[in-house]
Every structure is written in C-alpha cells, then in structure tokens.
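Structure first, then comments.
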Amino acid sequence: MNTTTAPASPSALASASASDELQLAVTGMTCASCVNRVERALRKVPGVDEAEVNLALETATVRMQPGVDAQALIAAITKAGYEARALVAEDDTPPPPPPWSATGWPVLTAALLTLPLVAPMIGLLWGAHGMLSGWWQLALATPVQFWLGARFYRAGWAALRDRAGNMDLLVALGTSAAYGLSVYELWRQGPMSHALYFESSAAVITLVLLGKWLEGRAKRQTLSAIAALKELRPERARVRRGPPGQQAELELPLAQLRLRDLMVISPGERVPADGRIREGRSQVDESLISGESLPVDKAAGDRVIGGAVNGDGLLLVEVTALGAESTLSRIVRLVESAQAHKAPIQRLVDQVSAVFVPAVLVIAAITLLGWGLSSGDWERAVIHAVAVLVIACPCALGLATPAAIMVGTGVAARHGLLIKDAQALEQARRVELVVFDKTGTLTEGKPRLTDFIAAPGQDEAEGLALAAALQQNSEHPLARAVRDAATQHELKRQEAPSPAERKRAGGEGSWRPSVAATGVRAVAGRGIEGQVQARSLRLGSQRWMEELGVDLTPLRADAEAAMAQGRTLSWLVADDAPGTAPPVLLAMLAFGDRAKATSAAAIAELKALGLRTLMLSGDNAAAARAAADALGLDEVRAELLPEDKARIVAELRAAGTHVAMVGDGINDAPALAAADVGLAMGGGTDVAMEAAGITLMRGDPRLVAQAIALSRATVAKIRQNLFWAFIYNLLGVPLAAMGLLSPVIAGAAMALSSVSVLGNALLLKRWKGPR
C-alpha cells in the first residue's frame, strides 16, 4: 500500500488546525541540533502548547489551542530552514526514505569523483607514487564540494541565520576549511604542491553522504512494523447487496464498503474490515494483529478483525466498523503515536545537544589557535581543527532514543502489545508491583450462576424472573449470567421447545421478561436498583445490603458455604416500604468464574522477573482469597469499590513503589490512570483501553510479563545507543584535537556512529520474549 501523500490542501489544513494535536512531516533534519531548532520554532508560534520532533521518523507532533493555523506552523519550520507538510489523512504517514534510485546516485557520483583523489594516498602504503596534478585534484573536488555537498551549505546557512548550529554547519565549515586551504596552497606553491587536502574535503563529504544513505536504509527497517500492519488491508472486498432473496454478489474497492454490508470471505482470504459473523464457521489467523500464535475458532455471532486471515470455512460477515474506527486503524494510530512522541530519557539528550554544536565550535577554534600558535604550522592546525569539526557531528545522539523506540513499539505490536506512548514503554521497566483486577483479567470474565437460593417464604422461580428483569439491559457479566440462568429455567419449564420455536424466541441467552423494569439505575460499586411489577428492587453486594440494614441471617450459612468455594455473592431485596422499614431479603445469588488457563503461568513469569503481585477485587474476602491462592498471587485486597482501587494504587505510588495496573472494565479506568503504567485487556472496554498506556490485544495475562520484559530490553538498547553516541564524541574529539585523527578518518567515524546506533536498535527485532 502506498503510504505517501501529496501535500495537504489549504482546506484540509484549516480543518486540521481546529484539533488539539497536529502531526507534520519535516524534511531536511540531520541531527539532534536540528530537532531543537524545529521545536523552538514551533513553540514560538502563538497558541502552541508543546512541540515534539522525532528525528528518526522526521515528524513533528504539535499540541496547540483550537484555532491555530497549520500554515503558520509550516511557515515557522520553513523559516528555520526546513520543509514541512501537514499529515491530516487517516492513513497519512511520513514518507519512507527514498530508494536507491533517488538517493544512491549522489553517493555513487561522489565516490567516483573522490576515488582518484584517495587512491594515490592508499598506494603510498605499498610504495606507489601517482599523485594527481593539483589542477586535476581541484577539478575533481570542486563538484563534490559545491554540487553534491550543497545540501550542507544550505542547511548550515539556515542554522547560522537562526543563531544555532547543526551537523551540516560542522561539515560545511570543516570541508570548506580543508578545500580553501588547498586552493590557497595550489595558488601559492603550484600544481605539484604536496600540501593539498582536496582528498580530505571530498572524502569527508562522500562518507557523510554514504552514512546518510545507510541511515535511510536502516530507518526503513525500523518502520517495517507499521508497513506490515498497513499491508494487512486487502484492496477489495466481495459483498452481497440487495433485497432478501435477490442479493447480488459484488466486488468493490475497500473505500466503497458501508456499515452493515455483508462480506463474503472465502478460505485463505483476508478479512477486509471489522465485522460480526452472520453465517459460517472457520478458524481465523489473527497473529499479525493480536500476536496469537494459533488460529482461533470462529462461529456465527463472533467478531472478526479486519486484516485477519480466514482459514478453511466460508464466512458471511456483517461490517461493524470502517476506516478510522476499525481495529487495525486504531492499532496503526497507537503505534505511530508511540513512535512519534519522545521518551523521558530523550530530554537529557535534548539538553546536551542544545549546547553541543557551539561547544564543538569553541573546541575547534581552540585547536586551531593552539596548534597554530605553538607550532607555527597553520596548515597543520587547520587540518586538526577540521577533524574536530567533522568527527563531532551529533547525528547519533539524535537517533539513539527514537530508533530504539521505533523498533521496540514495532516488536510490541507483533507480539500483541499496543504501546500508547513512549513514556509507557520506558516506565514499564521500573515496575516493582503488578496490580490485577480479578474479573475478566485473571478470570475468564464469563461467570455463571451456580446457586439461586430463595429466602424462606419466597418463590425461587419468581425471584429469578425478577432478578433477570431488573438486569435485562445491563452488560455486566453477572447480569448476563442471571439472564442465561433465567433462559435455561424457562426452556426447561416449556417442555423443551423445538429449535424453530427457540429461534423465533430469539435463541438461547436472549431471555425476555414478561414485564419490563423501569427506573433502573446502577449504583457504582454496589449494584443495581429499579422497579419491576410495581416492586422496588435492589440487587447487589453484601456490603450494600449491610449499609441498607438488610437482615441476611436466613441465608447466612448458605452464603458462608458458597464463599468457602470461592463464589461471588449478590443479594436480591425488595424495598416495598422505603424509609419505614429495611428492605426484605428475597434471594441469594452465587456466581462462579473460572480462572484463565494462562493466569497461573502469568503470575509465575512475573515472579521470575522479580516482581510482586497484588489482586484487587470487589468480591467478598473469602472468594478473592481462594482465587488468589489458587493462582499464586502475593497479596489480595477484597470488597473494594472502583474508587478504592484507584486510591490503593495512588497510595502505593506515594509510598515509592512503581506500580503497573492491569484491568479490563470501565470500573478499572481510574486505577489504570492512577498507576505508573496501565495495561488494559484488548477485549475490555474502550474506556479502559483509553486510560491505559499499554493495551494487551489478547486477553492473555502472560502479555504483562512480555510488556515489562520488552520495556527493559528497549531501555537497555537506548542506553547502549547513548553510550555509543557519547563515546564516539568523548573519545573522537580529544583525539582529533591532539592531531591523532585525519579528517578522512574522522568522517568515516562520524558516519559509522549513526549507522552503528541504528544497527544496534535493529537487533531488538530479534527479541523473542522473557526468558
């Protein structure tokens, strides 16, 4: 799929400027100093709150007040000496570095022109003498210096006008000094002079161009994760349209799909868009989207993700999401967002790079004066100063962090982990305590009603019908369990209706009450209340019942027996005389929820990483403790409200513990936001996924250990990259100042530094998971 776009139209820019965040593609940046210049230019625009520039992606992410004109942002970048365009389309991404045909020819041309200049110097190692005439050297070096090297002059001049420095300025100054000294000696001593340094200036420019080309190739590899995700979308889809019985099968471009279209997906085809299976049964491979290694069984009623591969069955799928709302698009946006934003560790690099180029210019000046004044050999002094300027280019500094983040987030996406921002990826390595929600996170989240016990004098069938009616429109897992139980009870009572009758009734699990509930209201962390058949009902936790003053004594023994088995309890009461007498107990409901098959292994993997675990649950203490002991958790806290979970997480952080919170429901969102790192189950609610920094695309708690291990591996790569970036300069600059490095060697070392940093980051693609 083509990922480049044409420059946005003025109307598109105007509409984009109304948003709180805008992304721009910026070209012409070469080092960390360029990043600082672009960020300063953007922050000076009125209404801009924050600007982050990513050198590896060549993007700028601007957070601003509504009404800021995108053209003003582009103008500010242009004035700083760079080119920019707005990225406003849903699938718009920064263009990848051009292929060899576009950028390879300057390197090849420079190499062909430089080789005759360098070859005689290499020949001297074997005693061969064949130095070219000074006029030939001038003829070969001049196009390299001023034609192929023109980009350094343009960018360097723009930096000077902005009273700043960058890599291009250092290269332009260094090579110009060597070229100018050579022209002076050629004019003074003639074409046979041995004090010519044309080969140095030409070789440095050639090596820098080669380094940038290799850097571009490496950048393309770091972006491979997003490219692979985008290529999952097929370009066309087969759909059935028309009235029932007269439907025609059409093949349409993906852009012409509509919601509720019926897609026909043959075995081996990719699913064109998110949908729900209407007919058919198959196995679907979602590995590139969710990281699930094995195909997943799918049948009528199940959801499928656009981009997944259908197995061996024919499927008829109803479209439920298109474009920006599709799962694949959301994944791509999250990965791009994480790659575009800076990690906190990058702030140190920004602070260093802001003063780096001016400091190098000062060191070069001191080198020139020191050698010149002490030895009187100003030619030699100029060459040493040139070496200082060339080797100190801060390219590697600017690439060290974003390159590792880009590869790390791409690897995470391949393993079923969506990193919302770079800060979450970096913070996860610090985690000491992992806090889990219970239902839907460590358990399957599909509880069943194991016991319905009516209070003495109450009718069990009537009580179950009242409880199901009260929860008819609730999507809570316990509400679904009650409705399923009511369905089963009703089917048994009706003398086993035929499949046709059951289908007309809506099928199993779709029980309908004879009387609708009114005034239904959820009471956060406690339960639900409403009116059914003129009776005021409440259904909820034991804690709520005790607050209401309900006498639970008649069913206390049954409750204790159920809790000993790890059951979750709810109580149904009728408040027929509110304010005058406590509600009357109608029944006790006990629910069972099986732990996920991988939960115990997930806890064991976290302990192997040296982490402690804690489970927070709204269940009664006995049920929560039974579940925690079975899974091997270190600690459990039970009978909690949603605000209690967030408070506990905040208290743990205040005590100095780095906390990760894992949850899946809307009730978990406050705790996810309160943690150092929030991890949301991908099968959970959108609110939970929005509040979390990391989304687990599969409902597998083992992904928590993978997320933390990957964070540690990524930060280790960042530190290695920063070490190499700093070591090149810490060692190279003094050696060049002492006259131990020639400009050619310095240019090769500078080019190698950027390539080595990117190559080291790419090694992260081999990461396989925690050991």
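Below, each value reflects all heavy atoms present in this structure, side chains not excepted, and no hydrogens, waters or symmetry copies. Computed from a predicted model, the values in this text were never measured in an experiment.
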Start with the C-alpha gap between Val62 and Val68, add the side-chain angles, then the distance that decides, and say whether side chain to side chain contact (heavy atoms under 4.5 Å, CB included) holds.
CA-CA 10 Å; Val62 186; Val68 175; over 6 Å; no
Please walk me through it: do Arg712 and Leu609 pass side chain to side chain contact (heavy atoms under 4.5 Å, CB included)?
CA-CA 11 Å; Arg712 293 178 179 180; Leu609 292 174; 3.9 Å; yes
Test log, rule side chain to side chain contact (heavy atoms under 4.5 Å, CB included), inputs Leu173 and Leu361
CA-CA 10 Å; Leu173 288 175; Leu361 293 174; 3.7 Å; yes
Check the pair Leu368 / Trp378 against side chain to side chain contact (heavy atoms under 4.5 Å, CB included), numbers first and verdict last.
CA-CA 8 Å; Leu368 175 66; Trp378 289 96; 4.3 Å; yes
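Between Arg43 and Glu50, the closest side-chain pair of non-hydrogen atoms falls below 4.5 Å. The shortest distance between side-chain heavy atoms of Gln137 and Leu186 does not fall below 4.5 Å. The closest side-chain heavy-atom distance from His415 to Leu710 is not below 4.5 Å. Using a 4.5 Å heavy-atom threshold, the side chains of Ile718 and Glu426 count as separate. Considering only heavy atoms from C-beta on, Leu209 comes within 4.5 Å of Phe152 through its side chain. The shortest side-chain heavy-atom distance between Glu52 and Asn54 does not fall under the 4.5 Å cut-off. The closest side-chain heavy-atom distance from Thr142 to Trp147 is not below 4.5 Å. Here the side chains of Glu379 and Val382 are not in contact, with every heavy-atom distance at 4.5 Å or above.
Remark: Thr657 engages Glu432, Leu433, Arg612, Val659 in a side-chain contact (heavy atoms from CB on, under 4.5 Å) (not counting sequence neighbours). A search for side-chain hydrogen bond (donor to acceptor under 3.5 Å, both in side chains) contacts involving Thr114 returns Thr206, not counting sequence neighbours.
Taking CG of Leu24 as the start and CD1 of Ile77 as the end, the distance is 5.0 Å to the nearest 0.5 Å. Interatomic distance, CG of Leu679 versus CD1 of Ile419, reported as 8.0 Å (0.5 Å rounding). The CG atom of Leu148 sits 6.0 Å away from the CH2 atom of Trp105 when rounded to the nearest 0.5 Å. Rounding to the nearest 0.5 Å gives a distance of 4.5 Å between CG of Asn760 and CG of Asn721. Note that NE2 of His384 is 8.0 Å distant from CG of Asp377, once rounded to the nearest 0.5 Å. With rounding to the nearest 0.5 angstrom, the CG atom of Leu112 is 10.5 Å from the CG atom of Leu140.
A donor-acceptor pair under 3.5 Å is formed between the side chain of Ser711 and the backbone N or O of Arg429. Between the Gln23 side chain and the Thr59 main chain, no donor and acceptor come within less than 3.5 Å of each other. At distances below 3.5 Å, at least one donor-acceptor pair connects side-chain atoms of Ser182 with backbone N or O atoms of Phe198.
When the options Arg430, His658, Arg653, Gln423 are evaluated for a side-chain hydrogen bond (donor to acceptor under 3.5 Å, both in side chains) with Asp676, the one that passes is Arg653. Exactly one residue among Glu58, Met29, Arg37 makes a side chain to side chain contact (heavy atoms under 4.5 Å, CB included) with Val53. That residue is Met29.
The minimum heavy-atom distance linking Thr714 with Ala404 is given by the pair CG2-O, 3.7 Å. When all heavy atoms of Ala737 and Thr367 are compared, the closest pair comes out as CB-OG1, 3.5 Å. Of all the heavy atoms in Ala70 and Leu22, the pair that sits closest is CB-CD2, 3.6 Å. Here the shortest heavy-atom pairing between Ala80 and Tyr82 reads O-CE1, 3.4 Å. Closest of all the heavy-atom pairs between Ser375 and Trp371 is OG-O, 2.6 Å. The shortest heavy-atom contact between Ala428 and Ala707 is CB-O, 4.5 Å.
The number of heavy atoms from other shown groups lying within 6.0 Å of CH2 (Trp157) does not exceed 12. Crowding of Glu83 atom CD: a count of heavy atoms from other residues, nucleotides or ligands under 6.0 Å not exceeding 12.
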